[in-house]
Amino acid sequence: AFGALEMAKQRRAFAAHARTASVEGTTVPPQPAQCETTTGMSGLLDYVGSVAAGLFVLQLGCFVATLHPSVPGGDSGELISVAHVGGVPHPPGYPLFSVANMLFAGIVPIGSIAYRANLLSAICAAGAGTLLYSTTVLLSGCVSSGVLAVALFSFSRLQWLYSITGEVFALNNLLVAALLHQLVLFDRAPTVSLAWRGAVLAGLALANQHTAVLYLVVIVPWVLLRGRSIGLLTPRSIAVLILCGVAGLAPYLYIPWSSLRNTAPLTWGDQRSLSGFATHLLRKEYGTFDLAKGGRETASFWRAVEAHATSLARETMRICPVLSVVGAVVPPRPCRWGVHMAVVACLVVYLGFFNWRANLDLSNRLLAGVQERFWMQPNLVFSLFAGLGYRRLLVSARRVAPSRTVEVVGFAVVVAVLAVQIGRNFEKLDESNNYVVHDFGRTLLDGLPPDSILLTMGDLPGNAARYLQNCDGVRPDVRVIDLEMMTTPWYLPMTSWAFPGVVFPGQIKRYSFGAEHFDMKMFFDANIDTFDIFVYENLNAEDGSWRDGYEVWRHGATRAIKRKGTRLNATAWLASALPATPNHTLPDPAKHDERTWEHVVYDSAMASAVHLAMFFESRAGSAATVAEKAQLYEAAATVYESLYTRTVFDGHRPSFWHKNAGLAYYNTQNAAHSAKVKEHWQAYLDSNPDDPQVSDIASIVKGIS
């Protein structure tokens, strides 16, 4: 719809320009070539606007139908919950995203807070695709080209995935698409007002995602040079352009405002000083020009290029790479070479700089999934060039077939590509019933005693738990403390008030080595008598100070911190820990592969119950009495048995669970369990395992009457 309005404005601008051309001695800009089923500029613009509106509705409909109903994985939990409570997300702060989500969630009372953030992303993504369509039509003069660009971009797996997720990328795609659209409009009929509008857009884009600067380093000088003829380089015009750019950056005022208020229980960094603001803005904690802290990883420049190219080819049925080369090298009329080369330069700069600085290990599929998010910005341009390449092919085809036939067949092919893209991705990306991360967070929180401390490390557990607490009101009594953030100089000074009763010892409130700080033993000593303390997965491997005085007991999805020497009552601990193991619907590992957070949840759920059983078995090995040993093995056997009674594990159970369950029953030395030993071990043998102990197991099974 926005694209149609812009083209209507251009129709008036062209007419005004034509009336003054003879007086000023200028040349009237070239008009778009006639497009299929239309004649004349007026008919073209009406048709283009109708198709734009239809594409917007189609995209939005597909995205809303497959939208995440609750909190997704990754950064979404943090971004959504921090925006909801008025805090500052991780660097560089994404202030435009935060402000937009706060406003949108406040005026759209539909679903959960996460659903509203996901819905805003869907709207932004549909807008980005529509602007891409409009820009492609402006450059090619062909509606089919614009529809093809949308089919290849909006309905690719990667773009669709982040169109249904509350993340910064859909908004970034919208702003980048708007920048390119403004660039083409300015090239066709340059006016000072268009330049000012573009400056505001540039500031807004930078207030959301810094990768936009890799296009702006090309766009800004090109606009200034192109605008010389309309007085854009005068001191007054330059001053107004700067003011417009600063106005676009105004959302960054939100960051020091939030930090100075210091009322948000979730926030990142301390921006109350100029140095703190600069640290956050420049991402110094990660590395200003790197994706992640830690320096260069194993992925080389060409490995990153290859991974991106492979993904683009796979997700667009190899259409986009081929046609984009054609469109970039030999663009069709009425595309002007100046603006065309500017867009090519944007793409070259982005690909060169990003792949040089991308420092994630692509052999890790989860990290590869993180890096691929940044391929959407160049993919938008690749799709635009694919549309231009398709127009070039249609023009060439007119040499051997009637124009009308070429147009009809060409449009039919585009519609077929659009249908295939939607068909191949709709079911695969349908997350309308995906509560995986939500359920994972509920498992973590609901399994804990009242007023516990939960120490987390990494994005998944902390973001899921904090979203549920701050947005859905789940278990606000649990103090969720981030172990990694606790090592920073700002975390506790900014947020310790949100953990009532928790003692952070030391002169300086920071988890670190040194006399003035505190280590984990000091933290446990100060709080163990007041709170039950739990940790998800692991503590800091570099800090072993706590090991002399404390130990960990597996408790469902988490581990409890206990003083060494605490007596374990197997029956009581089983009653507390077993209900805390995951009992929610598991994600399909075939649908959610290793690139997704759902797969991480799947692995965690499959391991947690087994780890609880293994905890009892390990304690049985050092039991003081035969009776205590039997009791511990009974507890382990009960845990294994629960894996076979919970329907959530149907279809997911590996065969080695049968081996472990049979062993636990066997070690109880209770003749009443002989049938269970035989049942599980026979099932294990029936799976034809590659196991050197098979003959021993078979011998025992044979001897059981």
Worksheet, complete the sentence: When every non-hydrogen atom of Val437 is compared with those of Val71, the smallest separation belongs to CB-O, 3.5 Å
Fill in: Euclidean distance, Met520 CE relative to Ser545 OG, rounded to 0.5 Å
7.5 Å
Discussion item. Using a 3.5 Å distance criterion without hydrogens, assess whether the side chain of Thr279 forms a donor-acceptor pair with backbone atoms of Ser275.
Written reply: yes
Discussion item. Would you say the ring centers of Tyr602 and Phe440 fall short of 6.0 Å from each other?
Written reply: no
Discussion item. Tell me every residue that passes salt bridge (charged side-chain N to carboxylate O under 4.0 Å, His left out) with Asp548, counting only those two or more places apart in sequence or in another chain.
Written reply: none
Worksheet item: For the side chain of Arg595 and the backbone of Ala368, is there at least one donor-acceptor N/O pair under 3.5 Å apart?
Response: no
Under 3.5 Å donor-acceptor pairs involving side-chain atoms of residues 248-255, not counting sequence neighbours:
unit_1	atom_1	unit_2	atom_2	d
Tyr252	OH	Leu206	O	3.3
Tyr252	OH	His210	NE2	2.9
Tyr254	OH	Gly86	O	3.3
Tyr254	OH	Gly87	N	3.4
Tyr254	OH	Gly87	O	2.6

Worksheet item: Roughly how far apart are Leu460 CG and Ser604 OG, rounded to 0.5 Å?
Response: 7.5 Å
Discussion item. Using the ring pair (Phe, Tyr, Trp, His ring centres under 6.0 Å) criterion, which residues pair with Phe616? Sequence neighbours excluded.
Written reply: none
Worksheet entry | Side-chain H-bond candidate by donor/acceptor type, Asn434 with Glu598, under 3.5 Å | yes
Worksheet item: For Phe104, what residues pass the ring pair (Phe, Tyr, Trp, His ring centres under 6.0 Å) criterion, not counting sequence neighbours?
Response: none
Discussion item. Quick one, Asn355 with Tyr350, criterion side chain to side chain donor-acceptor pair (under 3.5 Å). Give me CA distance, side-chain angles, the key distance, then yes/no.
Written reply: CA-CA 8 Å; Asn355 289 315; Tyr350 186 97; over 6 Å; no
Worksheet item: Do Tyr491 and Ser496 have side-chain atoms, one donor and one acceptor, less than 3.5 Å apart?
Response: no
Fill in: Partners meeting salt bridge (charged side-chain N to carboxylate O under 4.0 Å, His left out) with Arg272 (sequence neighbours left out)
Asp270
Worksheet entry | Arg510 CZ to His517 NE2 distance, which is reported to the nearest 0.5 Å | 5.5 Å
Fill in: Residues Glu285, Trp268; criterion side chain to side chain donor-acceptor pair (under 3.5 Å); working and verdict
CA-CA 11 Å; Glu285 290 169 307; Trp268 186 302; 3.0 Å; yes
Worksheet item: If you measure from CZ on Arg554 to OG on Ser608, what distance do you get to the nearest 0.5 Å?
Response: 7.0 Å
Discussion item. Is it true that His308 and Asn379 share a donor-acceptor pair across their side chains at a distance under 3.5 Å?
Written reply: yes
Discussion item. A side-chain contact here means heavy atoms from C-beta on lying under 4.5 Å apart; do Trp553 and Thr566 qualify?
Written reply: yes
Worksheet item: Between the main-chain N or O of Gly74 and the side-chain N or O of Asn463, is there a donor-acceptor pair closer than 3.5 Å?
Response: yes
Practice prompt. Kindly write out the residues that satisfy ring pair (Phe, Tyr, Trp, His ring centres under 6.0 Å) with Tyr550, not counting sequence neighbours, or none if the list is empty.
Written response: Phe524
Worksheet item: Given the rule in the salt bridge (charged side-chain N to carboxylate O under 4.0 Å, His left out) test, do Arg619 and Glu551 qualify, once you have shown the distances and angles that lead to the verdict?
Response: CA-CA 12 Å; Arg619 296 294 293 238; Glu551 59 188 7; 3.6 Å; yes
Worksheet item: Listed by chain and number, what are the salt bridge (charged side-chain N to carboxylate O under 4.0 Å, His left out) partners of Lys521, not counting sequence neighbours?
Response: Asp525
Worksheet item: Looking at side-chain heavy atoms only, is the closest gap between Phe523 and Asp519 below 4.5 Å?
Response: no
Worksheet item: Do Trp490 and Thr267 have side-chain heavy atoms sitting under 4.5 Å apart?
Response: no
Discussion item. Determine whether a donor-acceptor pair (N or O, by modelled atom type, separation under 3.5 Å) exists between the side chain of Lys564 and the backbone of Arg547.
Written reply: yes
Worksheet item: Backbone N or O of Ala577 within a donor-acceptor pair of the Thr581 side chain at under 3.5 Å?
Response: no
Discussion item. Aromatic contact between Trp573 and His555, with the criterion being ring centroids under 6.0 Å apart: yes or no?
Written reply: yes
Item to complete: Give a yes or no on this: more than 12 heavy atoms of other residues, nucleotides or ligands lie within 6.0 Å of atom CD1 of Ile107.
Response: yes
Worksheet item: Would you find a donor on one side and an acceptor on the other, under 3.5 Å apart, between the side chain of Ser311 and the backbone of Ala307?
Response: no
Worksheet item: Do you know the tightest heavy-atom contact between Pro69 and Glu431?
Response: CD-O, 3.0 Å
Worksheet item: For atom CE of Met614, is the number of surrounding heavy atoms from other residues, nucleotides or ligands below 6.0 Å larger than 12?
Response: no
Discussion item. For a salt bridge (charged side-chain N to carboxylate O under 4.0 Å, His left out) check, start with the C-alpha distance between Arg475 and Asp451, then their side-chain angles and the critical distance, and finish with the verdict.
Written reply: CA-CA 9 Å; Arg475 295 297 306 272; Asp451 295 308; over 6 Å; no
Discussion item. How long is the straight-line distance from CE of Met494 back to CG of Leu266, given to the nearest 0.5 Å?
Written reply: 12.0 Å
Worksheet entry | Side-chain heavy atoms of Lys562 within contact of Leu568, under 4.5 Å | no
Worksheet entry | Set of side chain to side chain donor-acceptor pair (under 3.5 Å) partners for Thr495, sequence neighbours left out | none
Worksheet entry | By salt bridge (charged side-chain N to carboxylate O under 4.0 Å, His left out) - contacts of Arg442 (at least two apart) | Asp446
Practice prompt. Quick one: list whatever passes side chain to side chain donor-acceptor pair (under 3.5 Å) with Thr585, sequence neighbours left out.
Written response: none
Response to the item:
Partner of Asn208 under side chain to side chain contact (heavy atoms under 4.5 Å, CB included), picked from Val99, Asn172, Leu174, is Asn172
Fill in: Tyr286 side chain near His90 side chain, heavy-atom distance below 4.5 Å
yes
Worksheet entry | Cation-aromatic face contact Arg373/Trp375, 6.0 Å, 45 degrees | no
Worksheet item: Can you tell if the side chain of Val478 reaches within under 4.5 Å of the side chain of Phe534, non-hydrogen atoms only?
Response: no
Worksheet item: How long is the gap from CG on Leu171 to CD1 on Ile123, to the nearest 0.5 Å?
Response: 11.5 Å
Discussion item. Aromatic contact between Phe169 and Phe374, with the criterion being ring centroids under 6.0 Å apart: yes or no?
Written reply: yes
Worksheet item: Tell me the side-chain hydrogen bond (donor to acceptor under 3.5 Å, both in side chains) pairs involving residues 109-120, sequence neighbours left out?
Response: none
Item to complete: Kindly indicate whether the side chain of Ser98, heavy atoms from C-beta on, has any atom under 4.5 Å from the side chain of Pro89.
Response: yes
Worksheet item: Thinking salt bridges, do Glu516 and Lys509 make one under a 4.0 Å N-O criterion?
Response: no
Practice prompt. Could you check Leu444, Thr443, Val552 and say which one makes a side chain to side chain contact (heavy atoms under 4.5 Å, CB included) with Thr558?
Written response: Leu444
Practice prompt. Kindly indicate whether the side chain of Tyr536, heavy atoms from C-beta on, has any atom under 4.5 Å from the side chain of Arg559.
Written response: no
Worksheet entry | With sequence neighbours excluded, residues passing ring pair (Phe, Tyr, Trp, His ring centres under 6.0 Å) with Phe499 | none
